[in-house]
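Comments concern the structure below.
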Amino acid sequence: MLNMIVSGASGRMGSRIIILSSDSEEIKLTGALERKDHRYLGKDIGDVIGIGAVGISITDKVKNITEKADVLVDFSSPSATIECLKSLSGKPMPVVIGTTGFSKDEIEYIRLYAQNTPCVFAPNMSVGVNLLLKILSDIAKVTQDDYDIEIVEAHHRLKKDAPSGTAMKMAQVIASSLNRNLEETAVYARHGLIGERTKKEIGIQTIRAGDIVGEHTVIFGGLGERIEITHKASSRDTFARGALKAAQWVRKQTPGLYDMQDVLGLK
Ligand code: NAD
């Protein structure tokens, strides 16, 4: 049995993870973490997310709930994740981090934390997107600089970071296959008299509308042809199932930073 804490427990992702885990005989929820001023602090998480009482009260104090837990699954916000890891650093616990939008320094802190305990950190936990990351790298190695690369991502209106962590990961995978530095080659917006497209730029464009769960298209535009690869998520459950798979996988690993490709055996 895997005892699990979920941080961001009443959010869109946290609640799906808890709902899906309630059907599992291998995973047991032992803690539900939320932010300090959350209106449901002290309430039973099961009642809050509509599955009936599960005997776990929502808390903002991670230290009070670590004793019985094997793993913490985090889908909150970058500052909340770092704050939580800092609280755990005295007695590091395996973590699965699905949160996106971290700064360079915050990512460095996650790396540091993972030196002492296994940690899965992935901006997209779906099987489909992780397969796509593998394919993108293979395509880029063949098309090289002859094809222009553009990434377009679309998400719901409530998403806070842009471009999505998935679009950035796709761009990083392609850039590293092409030996390009993403910081120098990424172009996030175009407007006005911009001149001709430079050969090595990687365009990353963002759409925010309605309730789109998550869509990513990567274009490799050549002369006389173009390859377009699209992934569309139609339900958050694809990410939630991936997170639960990662939670079961991570506790059996040695300390280190892993991603979903490791969990799915795609490396
Ligand atoms: P959301 O806003 O619905 O949920 C976030 C939850 O975190 C909220 O309930 C919020 O109250 C809570 N929170 C804020 N501060 C906290 C703190 N200090 N401690 C504990 N909880 C705190 O957002 P969401 O759609 O569930 O997404 C959460 C994160 O997961 C985002 O960064 C999003 O981009 C990312 N995400 C990742 C994947 C993936 O596959 N890796 C998939 C979907 C979303």
Side-chain angles (χ1 to χ4, degrees), residues 5-20 31-43 45 48-50 56-66 72-88 95-103 106-107 110 119-133 153-170 206 208 210-216 231-247 250 258-264:
I5 297 173
V6 174
S7 179
S10 69
R12 283 178 290 269
M13 279 304 302
S15 57
R16 287 312 303 167
I17 290 166
I18 294 171
I19 290 168
L20 293 182
L33 207 58
E34 260 300 342
R35 58 170 205 271
K36 281 185 184 53
D37 56 346
H38 202 280
R39 63 186 165 135
Y40 295 134
L41 285 183
K43 295 212 181 316
I45 183 66
V48 167
I49 63 176
I56 303 290
S57 301
I58 302 176
T59 177
D60 61 347
K61 300 203 171 34
V62 68
K63 280 191 174 160
N64 294 356
I65 52 176
T66 51
L72 181 138
V73 176
D74 170 85
F75 282 75
S76 56
S77 75
S79 57
T81 308
I82 299 300
E83 194 187 317
C84 180
L85 295 186
K86 284 186 177 162
S87 303
L88 293 175
V95 292
V96 172
I97 302 171
T99 302
T100 61
F102 293 100
S103 69
E106 287 169 336
I107 292 174
I110 294 172
C119 177
V120 173
F121 177 36
N124 193 306
M125 306 232 166
S126 83
V127 172
V129 158
N130 284 282
L131 266 175
L132 209 81
L133 290 172
E153 64 99 337
H155 279 86
H156 53 92
R157 64 168 68 144
L158 300 172
K159 183 163 176 64
K160 296 186 182 79
D161 55 316
S164 69
T166 306
M168 292 309 296
K169 179 84 179 177
M170 289 172 163
T206 298
R208 292 286 175 267
D211 59 358
I212 302 170
V213 174
E215 300 186 1
H216 294 84
H231 178 272
K232 294 185 182 182
S234 48
S235 156
R236 286 188 178 84
D237 286 6
T238 185
F239 312 125
R241 282 200 194 90
L244 291 173
K245 197 181 274 233
V250 74
Y258 302 94
D259 60 21
M260 232 16 225
Q261 308 247 324
D262 294 305
V263 176
L264 298 171

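Here the structure is a predicted model, which means the values were calculated and not measured. Atoms within a ligand are numbered from 1 in the order they appear, just like the ligands themselves.
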| request: Please identify each residue that fulfils ring pair (Phe, Tyr, Trp, His ring centres under 6.0 Å) with Phe121, with sequence neighbours left out. | output: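 If we apply the ring pair (Phe, Tyr, Trp, His ring centres under 6.0 Å) test to Phe121, skipping adjacent residues, the hits are Phe102.
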| task | Taking only heavy atoms of the protein into account, state which residues are under 4.0 angstrom from an atom of ligand 1, in chain and number order. | result | Ser7, Gly8, Ser10, Gly11, Arg12, Met13, Leu33, Glu34, Arg35, His38, Phe75, Ser76, Ala80, Gly98, Thr99, Thr100, Ala122, Pro123, Asn124, Met125, Lys159, Lys160, Asp161, Phe239
| Got a salt bridge between Lys159 and Glu153, using NZ or NE/NH1/NH2 to carboxylate O under 4.0 Å? |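 No salt bridge links Lys159 with Glu153.
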| Electrostatic pair Lys36-Asp60, nearest N-O below 4.0 angstrom |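 Salt bridge flag = no for Asp60 with Lys36.
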Give a yes or no on whether the backbone of [Y] and the side-chain of [X] come within a donor-acceptor separation of less than 3.5 Å.
{"X": "Asn130", "Y": "Asn124", "value": "yes"}
{"X": "Thr99", "Y": "Ser76", "value": "yes"}
{"X": "Glu106", "Y": "Ile82", "value": "no"}

